[in-house]
Amino acid sequence: MNQPLADLSVATCSPAQLRALIESRRAVRRFTNEPVPEAVIRDCLELAVLAPNSCNLQPWSFQVIREPALLERLHPVCMGQHAARAPLIIAVLARPDTWRQACANVIDYWPEAEVPERIRHFYRKTAPFQYNQGWCGWRGLFKRQLVRLLGLRRALMRTPNSQAQMSLWAVKSTALAAENLMLAFQSHGYATCPMEGFDEVRLRRVLNLPRQAIPIMLLAVGKPGEKAVYNPRLRFPLEQHVEWL
Ligand SMILES: Cc1cc2nc3c(=O)[nH]c(=O)nc-3n(C[C@H](O)[C@H](O)[C@H](O)COP(=O)(O)O)c2cc1C
């Protein structure tokens, strides 16, 4: 997966193919029992983590749940919804807590023999300053005052400077990975349903989630069953959401 430089001139997929893939994805609520092969899951996860992400710190993790007994326990956690009766559920977790290890990983896994000095500097100095909010957020508090002052004179990045902003920071990148994941399964002929309809307290207990992990969605995956899609596609007119400046 790690390549020094991609050839950006190669268009690997036509606009029509991409449109067909995106248009074919729907939230599917009924699945067959057919298992999803491990090779497919692996391929889709590899594509998920190719999503763009903040500072390449990859603040996400995934739990792949195939064990029937565990899936059975998840069903009531998802309040008995149909979509949770899938042969595979992937818990997509945002990880505001992994940035420190990720800074070290960037240097350890750098895909060239020499790690450029600007990269070392960024991940040893700049990124820790940006992401370390300190015990109980005290550094964040200090940084908020600092950016208020410095920001009077020049443009600068003002977040993340609190634990709440760290959560938002991690969720943004993780949501992009989740979309990649759904499209990757779609390309393999498997349907998905993203679910936020779950009891987070019970989910944390059942999956033994790390304390700071944020379960942004449970992704149900499988072959679509009978009456798999509940409603026709509905989107509001583009003009309601787009401003051309
Ligand atoms: C963050 C998120 C959470 C969702 N949670 C649920 C859910 O708990 N149960 C469900 O059946 N669908 C859920 N959905 C699916 C949406 O209802 C669905 O994407 C939307 O109605 C649009 O339909 P479409 O995806 O088929 O275009 C969720 C989607 C997202 C993005």
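Since the structure is predicted, the reported quantities are computational estimates derived from the model, not experimental observations.
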Does anything in residues 194-211 pair up under salt bridge (Lys or Arg N to Asp or Glu O under 4.0 Å), and if so which pairs, sequence neighbours excluded?
->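 Every pair satisfying salt bridge (Lys or Arg N to Asp or Glu O under 4.0 Å) with a residue in residues 194-211: Asp199-Arg202, Glu200-Arg204.
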Do any pairs count as a salt bridge (Lys or Arg N to Asp or Glu O under 4.0 Å) and have a residue in residues 130-141, sequence neighbours left out, and if so which ones?
-> none
Do the non-hydrogen side-chain atoms of [X] and [Y] ever get within less than 4.5 Å of each other?
X      : Y      : result
Cys103 : Ile107 : no
Trp99  : Gln130 : no
Val64  : Leu45  : yes
Pro160 : Gln133 : yes

Kindly compute the distance separating CD1 (Ile216) from OG (Ser173), expressed to the nearest 0.5 Å.
-> 10.0 Å
Distance from Arg144 atom CZ to Asn161 atom CG, nearest 0.5 Å?
-> 6.5 Å
Share the residues that join Leu93 in a hydrophobic cluster, the rule being Ile, Leu, Val, Met, Phe, Trp or Tyr side chains under 4.5 Å apart at the heavy-atom level.
-> Ile65, Leu70, Leu71, Leu74, Val77, Ile89, Met195, Phe198, Leu203, Val206, Leu207, Leu209, Leu218
What residues join Val28 in its hydrophobic cluster, counting side-chain heavy atom gaps under 4.5 Å, either direct or through other members?
-> Phe31, Val229
Could you list the donor-acceptor pairs under 3.5 angstrom formed by side chains in residues 11-22, with sequence neighbours left out?
| residue | atom | partner | partner atom | Å |
| --- | --- | --- | --- | --- |
| Ser14 | OG | Ala16 | N | 3.4 |
| Ser14 | OG | Gln17 | N | 3.0 |
| Ser14 | OG | Gln17 | OE1 | 3.4 |
| Gln17 | OE1 | Ser14 | N | 2.8 |
| Arg19 | NH1 | Glu23 | OE2 | 2.7 |

Spell out, yes or no, whether [X] and [Y] are grouped together once hydrophobic residues are joined by side-chain heavy atoms under 4.5 Å, including indirect joins.
X      : Y      : answer
Leu47  : Leu183 : no
Val49  : Ile214 : yes
Met217 : Leu176 : no

Which heavy atom of [X] sits nearest to which heavy atom of [Y], and what is that distance?
X      : Y      : answer
Trp138 : Trp135 : CD1-O, 2.9 Å
Met182 : Thr192 : CG-OG1, 3.6 Å
Ala94  : Pro96  : O-CD, 3.4 Å

Can you give me every donor-acceptor pair (side chain of residues 146-157, partner residue at least two apart or in another chain, under 3.5 Å) with its distance?
| residue | atom | partner | partner atom | Å |
| --- | --- | --- | --- | --- |
| Arg148 | NH1 | Gln145 | OE1 | 3.4 |

Crowded around [X] [atom1]? As in, over 12 foreign heavy atoms under 6.0 Å?
X      : atom1 : value
Phe142 : CZ    : no
Arg26  : CZ    : yes
Arg42  : CZ    : no

Is the backbone N or O of Arg29 less than 3.5 Å from a side-chain atom of Lys227, with the two atoms forming a donor-acceptor pair by type?
-> no
Got a list of side-chain donor-acceptor pairs under 3.5 Å for residues 235-245, not counting sequence neighbours?
none

N/O donor-acceptor pairs under 3.5 Å from side chains in residues 50-62, not counting sequence neighbours:
| residue | atom | partner | partner atom | Å |
| --- | --- | --- | --- | --- |
| Asn53 | OD1 | Asn56 | N | 3.3 |
| Asn53 | OD1 | Leu57 | N | 3.1 |
| Asn53 | OD1 | Gln58 | N | 2.9 |
| Asn53 | ND2 | Ala51 | O | 3.1 |
| Asn53 | ND2 | Asn56 | OD1 | 3.4 |
| Ser54 | OG | Trp169 | NE1 | 2.6 |
| Asn56 | OD1 | Gln58 | NE2 | 3.0 |
| Gln58 | NE2 | Asn56 | O | 3.3 |
| Ser61 | OG | Arg95 | NH1 | 3.2 |

Output every pair passing side chain to side chain donor-acceptor pair (under 3.5 Å) with a member in residues 31-41, not counting sequence neighbours, ordered by first then second residue.
->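 Those involving residues 31-41 are Glu38-Arg66.
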Summary of side chain to side chain donor-acceptor pair (under 3.5 Å) pairs that have at least one residue in residues 176-190, sequence neighbours excluded =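 Sorted pair list: Ser24-Gln186, Asp43-His188.
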Contacts of Arg100 meeting side-chain contact (heavy atoms from CB on, under 4.5 Å) (sequence neighbours excluded), chain-then-number -> Asn132
Side-chain donor-acceptor pairs of residues 79-87 under 3.5 Å, sequence neighbours excluded:
| residue | atom | partner | partner atom | Å |
| --- | --- | --- | --- | --- |
| Gln81 | NE2 | Gly197 | O | 2.8 |
| His82 | NE2 | Arg30 | NH1 | 3.1 |
| Arg85 | NH1 | Glu72 | OE1 | 3.4 |
| Arg85 | NH2 | His75 | ND1 | 3.1 |

